[in-house]
Number of protein chains: 2
Amino acid sequence: MDDIDRMLIDLLQEDATQSYAVLGRAVGLSSGAAHERVRKLRERGVIRRTTIEVDQAALGRAVTAYVLVEGSTWMGDSAGRLSAIPEIEEAHVIAGPASVLLKVRTAGTRELQDVLRRVFEVDGVTGTQAVVVLETFFERTLK
Amino acid sequence: MDDIDRMLIDLLQEDATQSYAVLGRAVGLSSGAAHERVRKLRERGVIRRTTIEVDQAALGRAVTAYVLVEGSTWMGDSAGRLSAIPEIEEAHVIAGPASVLLKVRTAGTRELQDVLRRVFEVDGVTGTQAVVVLETFFERTLK
DNA sequence: GGTGAAATTCTCTTCCT
DNA sequence: AGGAAGAGAATTTCACC
């Protein structure tokens, strides 16, 4: 992991459709060497996958909300139950007033309510607190 | 936006390195037709960009935290000030006890403290409450 | 590790249906 | 809108440094 690897990662986060020739030129390497670097970054898991960023609103998911979930027991085994709810984009165990923090995307507030109901059915959940997003300033990739 | 467009989006979210020939086969179209569909999805902004998913821990960002920011005034103009802090990955205006919710990634808790200090220097900020992530169950793309 | 070039495969335009 | 085909460009491999 040297500076060239970091530059390649930055460039690919910006635009992963660039050719290896262009990437190589940007970091001062040949096409083949840039390709080999990126291949190794993938192999080592630093680059997890190549994907597309989608406009969620355009796909009918207009509401974003964060849900603080309180549990009566250690919820370390709830990952499977939570991942079965397709509207949950992220789930984290947190240090703080609640046990788990979820990021949820739904079509509307009616559907959000339905997700909360399903979260409540997960073992150990004693309460939820939803925080609805009014406006997103930015969601970006870190440099 | 029909079912084929949705299938193409799902396939590309899984793996955006697939050739148009493979994508076309998966949805029952020719390579050229699949290409044209994806081109239009990009043009219309449904597909924002093609990017890579990076293992943040491998890049030295071991700590993830959510920060609830309370403000004394309407913080609708704070986007620029917040985006100048590179450790902030997301910033949302929320309905609820605080005004703004941030997602932050830092190397350690020391650096997190430093980010909180810089957030405090943004006009109108009267308080912050950090929620540190202990374990991430999942961060995924929605189907 | 990196280079340069060859071989293969894919992209993307054009024309036709 | 989709299909077929060809020109041009990219990926990927390999011998050599």
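Letters A, B, ... are given to chains in the order of the sequence lines, protein chains preceding strands, and every chain is numbered from 1. Small disclaimer: the values here were computed from a predicted structure and weren't measured.
Hydrophobic clustering (ILVMFWY, side-chain heavy atoms < 4.5 Å, transitive): B:L142 and A:V119 are in distinct clusters.
In summary, of the residues considered (A:E111, A:E90, A:E139), a salt bridge (charged side-chain N to carboxylate O under 4.0 Å, His left out) with A:R105 occurs for A:E139 alone. When B:I85, B:V67, B:V63 are each tested for a side-chain contact (heavy atoms from CB on, under 4.5 Å) with B:V115, only one passes: B:I85.
A salt bridge links B:R81 with B:D123: the closest approach of a Lys/Arg side-chain nitrogen to an acidic carboxylate oxygen falls below 4.0 angstrom.
The nearest whole Å value for the distance from the CD atom in A:E36 to the P atom in C:dG4 is 16 Å. Distance, A:H35 NE2 to C:dG4 P: 17 Å, rounded to whole Å. The distance from atom OH of A:Y20 to atom C1' of C:dA5 is 19 Å, rounded to the nearest whole Å. A straight line from CD1 of A:I4 to C1' of C:dT3 spans 14 Å, rounded to a whole angstrom.
Nearest nucleotide to the A:L29 side chain, out of C:dC10, C:dT3, C:dC12: C:dT3.
Reading DNA chain D from its 5' end, the first and the last nucleotide to sit under 4.0 Å from a heavy atom of chain A are D:dA10 to D:dT12.
The residue among A:R39 and A:V22 whose nearest nucleotide of DNA chain D lies closer to the 5′ end is A:V22.
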Carefully, step by step, assess B:E87 and B:R118 under the rule salt bridge (charged side-chain N to carboxylate O under 4.0 Å, His left out). CA-CA 11 Å; B:E87 290 88 349; B:R118 278 176 281 159; 3.3 Å; yes

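Geometrically, B:R117 does not engage B:F120 in a cation-pi contact, judged by NZ or CZ lying under 6.0 Å from the ring centre and within 45° of the ring axis.
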